[in-house]
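If you're wondering where the values come from, they're calculated on a predicted model, not measured in any experiment. Letters go in sequence order (proteins before strands), and every chain restarts at 1. Because only heavy atoms are used, hydrogens play no part in the values below, and waters and symmetry mates are left out as well, while side chains stay in.
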There are 4 protein chains.
Amino acid sequence: MTQNASGSGKVSKRAQAQRERILAAAQKCFVEYGFHAASMASISEAAGMSPGLIYRYFENKDSIILAIIERQLEEGRANIAALRADTDLKPGIIDLFRSWQQNYPDAMSAPLFLEMTVEASRNPQIAEALQATDAVIRNDFTAWMKRTCASNGIHLSDEEVQWRAFSLKCFIEGLAIRAVREPDLDMSVLHNSLKAMLPLLLPLPDKAGD
Amino acid sequence: MTQNASGSGKVSKRAQAQRERILAAAQKCFVEYGFHAASMASISEAAGMSPGLIYRYFENKDSIILAIIERQLEEGRANIAALRADTDLKPGIIDLFRSWQQNYPDAMSAPLFLEMTVEASRNPQIAEALQATDAVIRNDFTAWMKRTCASNGIHLSDEEVQWRAFSLKCFIEGLAIRAVREPDLDMSVLHNSLKAMLPLLLPLPDKAGD
Amino acid sequence: MTQNASGSGKVSKRAQAQRERILAAAQKCFVEYGFHAASMASISEAAGMSPGLIYRYFENKDSIILAIIERQLEEGRANIAALRADTDLKPGIIDLFRSWQQNYPDAMSAPLFLEMTVEASRNPQIAEALQATDAVIRNDFTAWMKRTCASNGIHLSDEEVQWRAFSLKCFIEGLAIRAVREPDLDMSVLHNSLKAMLPLLLPLPDKAGD
Amino acid sequence: MTQNASGSGKVSKRAQAQRERILAAAQKCFVEYGFHAASMASISEAAGMSPGLIYRYFENKDSIILAIIERQLEEGRANIAALRADTDLKPGIIDLFRSWQQNYPDAMSAPLFLEMTVEASRNPQIAEALQATDAVIRNDFTAWMKRTCASNGIHLSDEEVQWRAFSLKCFIEGLAIRAVREPDLDMSVLHNSLKAMLPLLLPLPDKAGD
DNA sequence: AATGAATGAGCCTTCATTCAT
DNA sequence: TATGAATGAAGGCTCATTCAT
């Protein structure tokens with residue numbers, strides 16, 4: 001093994017850039033065709049390189065999938081981490097939903113998110129990655145919620161925070177499904193839901209206006 | 001074209017039975033391996049017939065997938081239709097979640113449900129089928145909710161029913177994702193969520209017990 | 001697994017014939033190009049069938065190699081078994097050597113025999129097959145030698161028969177190497193060697209003439 | 001052609017050293033994996049240089065194989081040349097056999113020897129090299145045998161020496177095959193064979209002991 | 001109606017070789 | 001000289017689909 005196909009040891013800047021190039025291309029292809037329908041040839045073409053070269057940077061197709069997934073997960077964690085105590089979730093969720101409906105090839109993609117999930121049910125390695133990150137995300141999110149409530153003078157028991165965070169997560173992830181299945185859903189439904197639901201789960205004092 | 005592979009025109013009883021056999025086999029295989037990893041060979045074996053014969057009843061693999069999806073959708077509609085005004089959703093949802101976690105080969109399967117959804121983002125025919133049925137289901141479900149509230153003396157505006165139904169749907173579908181990603185989730189979280197969430201969305205008078 | 005790719009269970013006559021066709025083609029290609037340089041495409045072409053079809057009858061290329069090897073081994077055993085107590089080895093060996101020098105694509109081939117041997121040093125499965133058959137062949141050959149000597153009134157101890165059989169085997173197999181490396185060896189050398197060597201190892205009473 | 005990849009013309013000392021480094025590495029790899037399974041990458045790694053550099057010293061992989069073969073042949077000739085008139089072959093052969101069974105990565109390797117031979121049956125250039133050297137070796141060996149016998153007071157006709165040398169060569173080369181196919185052969189068989197065979201071919205007066 | 005043998009395009013992957021640096 | 005990134009032609013294998021029987 002001369003290549004640094006698997007992520008051990010130092011990697012040159014160029015190598016990092018190439019990996020990025022491949023991952024970007026792969027993401028595009030995965031979004032467009034799905035994990036399995038996307039061929040290595042299509043990825044290499046999208047990345048503007050020969051098929052063989054990909055294998056200098058990734059051991060095989062699966063490990064590209066895994067890298068994409070880990071990347072998405074980190075992004076998810078970053079999003080949670082970026083939440084401030086006084087963040088209003090509503091606009092963020094609406095944006096998220098919109099981007100899901102549009103299915104942008106570069107951004108977080110709802111089909112990809114769902115496919116990731118499905119993949120976990122067949123590929124233990126992916127299942128593990130997902131579980132690990134989901135646990136982190138859950139904790140981060142729960143912590144954020146607790147903090148947010150606290151800073152608004154509301155004190156909730158751990159159990160209470162837990163079910164609220166869980167429910168909200170389910171709701172938001174359920175939106176991924178809706179975004180795919182109803183690409184032209186009347187947004188007012190979502191607005192209404194958020195306006196009514198969110199306060200139920202995050203019982204913060206009213207902000208003025210909508 | 002001698003075959004009636006596509007569903008136009010009269011179809012003999014035998015043909016219907018054969019289609020059923022194939023669909024049942026396909027469903028089993030799809031649940032076990034996923035749409036794409038399941039091979040026609042595995043389906044034909046599960047159906048106890050030759051691969052060639054399948055093509056007398058279905059034009060190709062995609063149309064089997066389509067048929068499976070339509071079937072699932074009908075089942076979904078039937079489930080909604082079977083709801084009675086006084087149904088308590090909680091046990092049903094818990095059962096559903098459990099079956100999702102177990103990934104039973106015959107029953108509704110969470111990964112399959114998600115894969116169906118993903119498929120819609122690439123296959124317009126499937127997208128259409130999903131949209132059409134989701135619309136029906138939404139109506140049915142909303143109607144059920146309205147009826148149920150009414151029969152409990154609670155009167156909600158259309159808009160109100162709508163966001164509640166939508167939210168509940170998202171929550172439940174979000175559970176499908178959780179079921180796959182956290183196959184060994186502590187059920188108490190779910191119990192707590194349902195105990196607290198459900199009344200928020202379905203403001204029925206308290207039943208005694210749990 | 002619908003196919004009977006591996007040799008378990010009953011196999012139809014047609015299947016047997018196909019396997020034969022493939023093995024014959026493979027043997028031809030292996031002789032011509034070697035195990036590794038012979039491609040599945042070349043084999044399928046030689047067999048007059050599509051590449052995919054081969055996999056209905058053989059699990060993979062390795063198992064074709066293995067089958068070829070087992071076939072050769074059986075042939076070797078059959079040759080030993082066909083020896084009669086009064087067989088004169090000399091003409092048989094000379095014929096063998098000649099056929100080796102010619103490298104006929106259908107018959108036993110010296111390069112193939114050598115390649116089989118090399119392969120054993122890297123592929124444990126093949127090593128095992130070779131060892132198993134070599135043991136049988138050794139026994140058969142030793143038994144034949146003992147019988148032959150006995151029927152000529154010569155009684156040798158087990159140990160004596162053993163080293164003679166071993167030496168003769170080495171000599172003959174060494175001829176395979178010579179046949180490949182000296183395709184136009186002056187046959188008189190071989191004749192002389194056999195005339196002088198053979199009696200040393202197989203001390204039978206003189207037959208008249210050469 | 002700027003490179004002196006093919007061995008024509010003057011070559012600098014450094015170039016010679018580099019070639020040596022490559023050949024040593026190649027030999028190691030060939031012994032370990034075989035000619036075809038050994039990749040240029042593995043060779044370059046073993047040689048501690050980049051793959052590209054190898055092509056400055058060798059035109060392609062085949063010419064490395066050829067060089068290795070020529071090297072082995074020279075070694076073989078050297079071994080023969082090193083024989084002294086009074087050498088007792090037995091311990092040498094036993095050592096040889098042992099080293100073959102062990103398949104040492106640096107020393108002469110039985111599989112490699114066989115693979116070399118096989119290669120000759122497909123590559124005329126190699127065939128030629130082998131034939132040429134085998135002729136030399138045969139002469140050297142025959143000469144040594146004649147000398148040895150003479151110095152022991154035994155006079156053999158040319159023809160007699162010839163068949164004895166030939167037979168002995170076949171026997172020894174046959175041992176290479178046995179070494180690969182029976183890596184755990186009971187050495188006593190070999191001892192017995194040599195004790196009995198060798199005097200038959202090399203009719204020297206008895207030395208005391210075994 | 002049914003079989004299952006047969007096809008062949010296409011997939012992932014490897015590796016000898018080249019070339020910009 | 002030397003590097004090692006890059007190429008691209010195969011190679012082994014799979015599988016949806018067809019077709020002779």
Any donor and acceptor pair, going by atom type alone, linking the side chain of A/K61 with main-chain N or O of A/A38 inside 3.5 Å?
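Checking the backbone N and O of A/A38 against the side chain of A/K61, a donor-acceptor pair under 3.5 Å is found.
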Would a distance-only check, ignoring hydrogens and angles, find a side-chain to backbone donor-acceptor pair under 3.5 Å from C/R21 to C/M49?
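Side chain of C/R21 to backbone of C/M49, a donor-acceptor pair under 3.5 Å: no, none is there.
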Cut-off 3.5 Å, no hydrogens considered: what does the side-chain donor-acceptor table look like for residues 30-37 of chain A, sequence neighbours left out?
unit_1 : atom_1 : unit_2 : atom_2 : d
A/H36  : NE2    : A/E119 : OE1    : 3.2
A/H36  : NE2    : A/E119 : OE2    : 3.3

Residues which pass side-chain hydrogen bond (donor to acceptor under 3.5 Å, both in side chains) with [X], listed by chain and number, not counting sequence neighbours:
{"X": "A/N103", "result": "A/S109"}
{"X": "A/Q72", "result": "none"}
{"X": "D/S121", "result": "none"}

Can you check the [X] [atom1] to [N] [atom2] distance for me, whole Å?
{"X": "D/I64", "N": "E/dC15", "atom1": "CD1", "atom2": "P", "result": "15 Å"}
{"X": "C/E59", "N": "F/dG12", "atom1": "CD", "atom2": "P", "result": "16 Å"}
{"X": "C/F35", "N": "F/dG12", "atom1": "CZ", "atom2": "C1'", "result": "17 Å"}
{"X": "C/K13", "N": "F/dT21", "atom1": "NZ", "atom2": "P", "result": "19 Å"}
{"X": "D/F58", "N": "E/dA16", "atom1": "CZ", "atom2": "C1'", "result": "16 Å"}
{"X": "B/I43", "N": "E/dG4", "atom1": "CD1", "atom2": "P", "result": "17 Å"}
{"X": "A/H36", "N": "F/dA16", "atom1": "NE2", "atom2": "P", "result": "13 Å"}
{"X": "A/Q16", "N": "F/dA5", "atom1": "CD", "atom2": "C1'", "result": "16 Å"}

Sugar-phosphate only, base, or nothing, as touched by B/A37 at under 4.0 Å among non-hydrogen atoms
nothing
[X] side-chain N/O to [N] phosphate OP1/OP2 under 4.0 Å:
{"X": "A/Y57", "N": "F/dA5", "answer": "no"}
{"X": "B/R14", "N": "E/dA1", "answer": "no"}
{"X": "D/Q18", "N": "F/dT1", "answer": "no"}

Can you check salt bridge (Lys or Arg N to Asp or Glu O under 4.0 Å) on B/R122 and A/E115, steps first, answer last?
CA-CA 12 Å; B/R122 335 242 200 241; A/E115 216 169 3; 2.6 Å; yes
Between A/K61 and D/N60, which residue's closest nucleotide on DNA chain E lies nearer the 5′ terminus?
A/K61
In residues 21-34 of chain C, which residues come under 4.0 Å of DNA chain E by heavy atom?
none
All side-chain contact (heavy atoms from CB on, under 4.5 Å) counterparts of [X], not counting sequence neighbours:
{"X": "B/E128", "value": "none"}
{"X": "C/Q125", "value": "C/L66, C/N123"}
{"X": "A/S50", "value": "A/L53"}

Could you write out DNA chain E as a dot-bracket string, with dots for unpaired bases, | for bases paired across to another strand, and Watson-Crick or G-U pairs counted at under 3.5 Å?
.||||||||||||||||||||
Taking the side chain of [X] as heavy atoms from C-beta outward, which of [options] is closest to it?
{"X": "C/Y55", "options": "F/dG12, F/dA16, E/dA1", "answer": "F/dG12"}
{"X": "D/M40", "options": "E/dT14, E/dA6, E/dA16", "answer": "E/dA16"}
{"X": "B/R56", "options": "E/dT14, E/dA1, F/dA16", "answer": "E/dA1"}
{"X": "A/S39", "options": "E/dA5, E/dC11, F/dA6", "answer": "E/dC11"}

Do C/I64 and C/L23 have side chains that get closer than 4.5 Å, going by heavy atoms?
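Heavy-atom side-chain distance check passes, below 4.5 Å.
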Sequence neighbours left out, what pairs pass salt bridge (charged side-chain N to carboxylate O under 4.0 Å, His left out) with at least one residue falling in residues 62-74 of chain B?
B/E20-B/R71
Contacts under 3.5 Å, N or O only, protein and nucleotides 7-9 of chain F:
unit_1 : atom_1 : unit_2 : atom_2 : d
F/dT7  : OP2    : A/S50  : N      : 2.9
F/dT7  : OP2    : A/S50  : OG     : 3.1

